[in-house]
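The block underneath contains the structure these notes are about, expressed in structure tokens.
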Amino acid sequence: QARLAESGGGLVQTGDSLRLSCAGSGRSFRNNAMGWFRQAPGKEREFVGVLSANGLNSIYADSVKGRFTISRDNAKNSVYLQMTGLKPEDTAIYFCTASAYATVTRSITYDYWGQGTQVTVSS
């Protein structure tokens, strides 16, 4: 079965950096745009960013632009979210997702989701 699994979450302090990983299994995701969403307690799931299949084009939410960077290693069937300058408002469960589309726009849909990894930013 096609599956995505996030890892790398944890408890950090304001200003710290953290890298999340998303490992694909069951099939290759090299032709899929890959995105990250997050959900804080009591809030709706929100878009964080997305990276095209070829790794050349990306879109980020204004709240994370300049602080977060998505990258991918198709040889490892993995995608990453590098987070810097973390703030308490970044506290959320972070989800990795894959789209049937290879290119990225604000309107593409997503077909596969991981279970999420918790990021908690203190202070």
Side-chain angles (χ1 to χ4, degrees):
Q1 314 94 306
R3 180 175 176 266
L4 297 173
E6 303 93 339
S7 63
L11 175 63
V12 297
Q13 296 182 22
T14 297
D16 282 355
S17 297
L18 196 64
R19 189 179 79 155
L20 306 183
S21 297
C22 173
S25 60
R27 73 167 182 85
S28 174
F29 290 92
R30 68 185 181 277
N31 295 319
N32 303 93
M34 301 292 293
W36 289 90
F37 284 69
R38 66 186 183 185
Q39 187 168 24
K43 297 184 178 180
E44 294 184 348
R45 187 173 298 186
E46 66 174 345
F47 172 80
V48 173
V50 62
L51 182 67
S52 62
N54 64 11
L56 298 179
N57 301 101
S58 60
I59 301 172
Y60 296 96
D62 289 342
S63 59
V64 307
K65 200 166 191 175
R67 298 190 298 122
F68 291 10
T69 303
I70 302 172
S71 61
R72 64 193 298 156
D73 186 342
N74 286 341
K76 296 181 178 179
N77 210 26
S78 296
V79 63
Y80 309 94
L81 180 65
Q82 180 67 52
M83 304 181 292
T84 62
L86 284 164
K87 307 172 181 179
E89 50 262 47
D90 294 317
T91 295
I93 301 174
Y94 283 72
F95 298 90
C96 175
T97 184
S99 174
Y101 294 88
T103 56
V104 294
T105 70
R106 286 278 184 177
S107 62
I108 64 170
T109 53
Y110 299 90
D111 302 284
Y112 298 95
W113 296 83
Q115 291 294 311
T117 185
Q118 177 72 47
V119 173
T120 303
V121 185
S122 66
S123 297

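Given the structure is predicted, the values throughout are model-derived calculations rather than measurements. Only heavy atoms go into these numbers, but all of them, side chains included; no hydrogens, no water, no symmetry mates.
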Next item on the list: For the pair D90 and F68, evaluate side-chain contact (heavy atoms from CB on, under 4.5 Å) and give the outcome as yes or no after the intermediate values.
Entry: CA-CA 11 Å; D90 294 317; F68 291 10; 3.9 Å; yes

Next item on the list: Might you work through the side-chain contact (heavy atoms from CB on, under 4.5 Å) test for R38 and V119, ending with a clear yes or no?
Entry: CA-CA 10 Å; R38 66 186 183 185; V119 173; over 6 Å; no

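Residues L18 and I70 share a single hydrophobic cluster, defined by chaining ILVMFWY side chains whose heavy atoms lie under 4.5 Å apart. By the criterion of side-chain heavy atoms lying less than 4.5 angstrom apart, applied directly or through intervening Ile, Leu, Val, Met, Phe, Trp or Tyr residues, V104 is grouped together with Y110 in one hydrophobic cluster. Under a hydrophobic-cluster definition in which Ile, Leu, Val, Met, Phe, Trp and Tyr are linked whenever side-chain heavy atoms come within less than 4.5 Å, directly or via other members, V64 and L20 are assigned to the same cluster. Placement of F29 and W113 in two distinct hydrophobic clusters is found when ILVMFWY residues are connected by side-chain heavy-atom separations under 4.5 Å, directly or transitively.
Identified under the disulfide bond (SG atoms under 2.5 Å apart) test for residues 15-89, with sequence neighbours left out: C22-C96.
In R45, the CZ atom is crowded: over 12 heavy atoms of neighbouring residues, nucleotides or ligands sit closer than 6.0 Å. Heavy atoms of other residues, nucleotides or ligands lying less than 6.0 angstrom from OH of Y101 number 12 at most. Atom CZ of R3 has 12 or fewer neighbouring heavy atoms from other residues, nucleotides or ligands inside a 6.0 Å radius. More than 12 heavy atoms of other residues, nucleotides or ligands sit less than 6.0 Å from atom CD of Q118.
Interatomic distance, F47 CZ to W36 CH2, rounded to the nearest 0.5 Å: 13.0 Å. Distance check, rounded to the nearest 0.5 Å: OH of Y94 to CD of E6 gives 12.5 Å. In this structure, CG on L4 lies 9.5 Å from OG on S78, to the nearest 0.5 angstrom. From T105, atom OG1 reaches atom CG of N57 across 11.5 Å, with rounding to the nearest 0.5 Å. The distance from the CZ atom of F37 to the OG1 atom of T97 is 6.5 Å, given to the nearest 0.5 Å.
Taking the ring centre of Y80 as origin, the terminal cationic atom of R19 falls inside the region bounded by 6.0 Å and 45° from the ring axis.
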Enumerate donor-acceptor pairs with a distance under 3.5 Å from any side-chain N or O in residues 82-89 to protein atoms, sequence neighbours excluded.
{"unit_1": "T84", "atom_1": "OG1", "unit_2": "R67", "atom_2": "O", "d": "2.8"}

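N32 contributes no side-chain N or O that, together with a main-chain N or O of M34, makes up a donor-acceptor pair within less than 3.5 Å.
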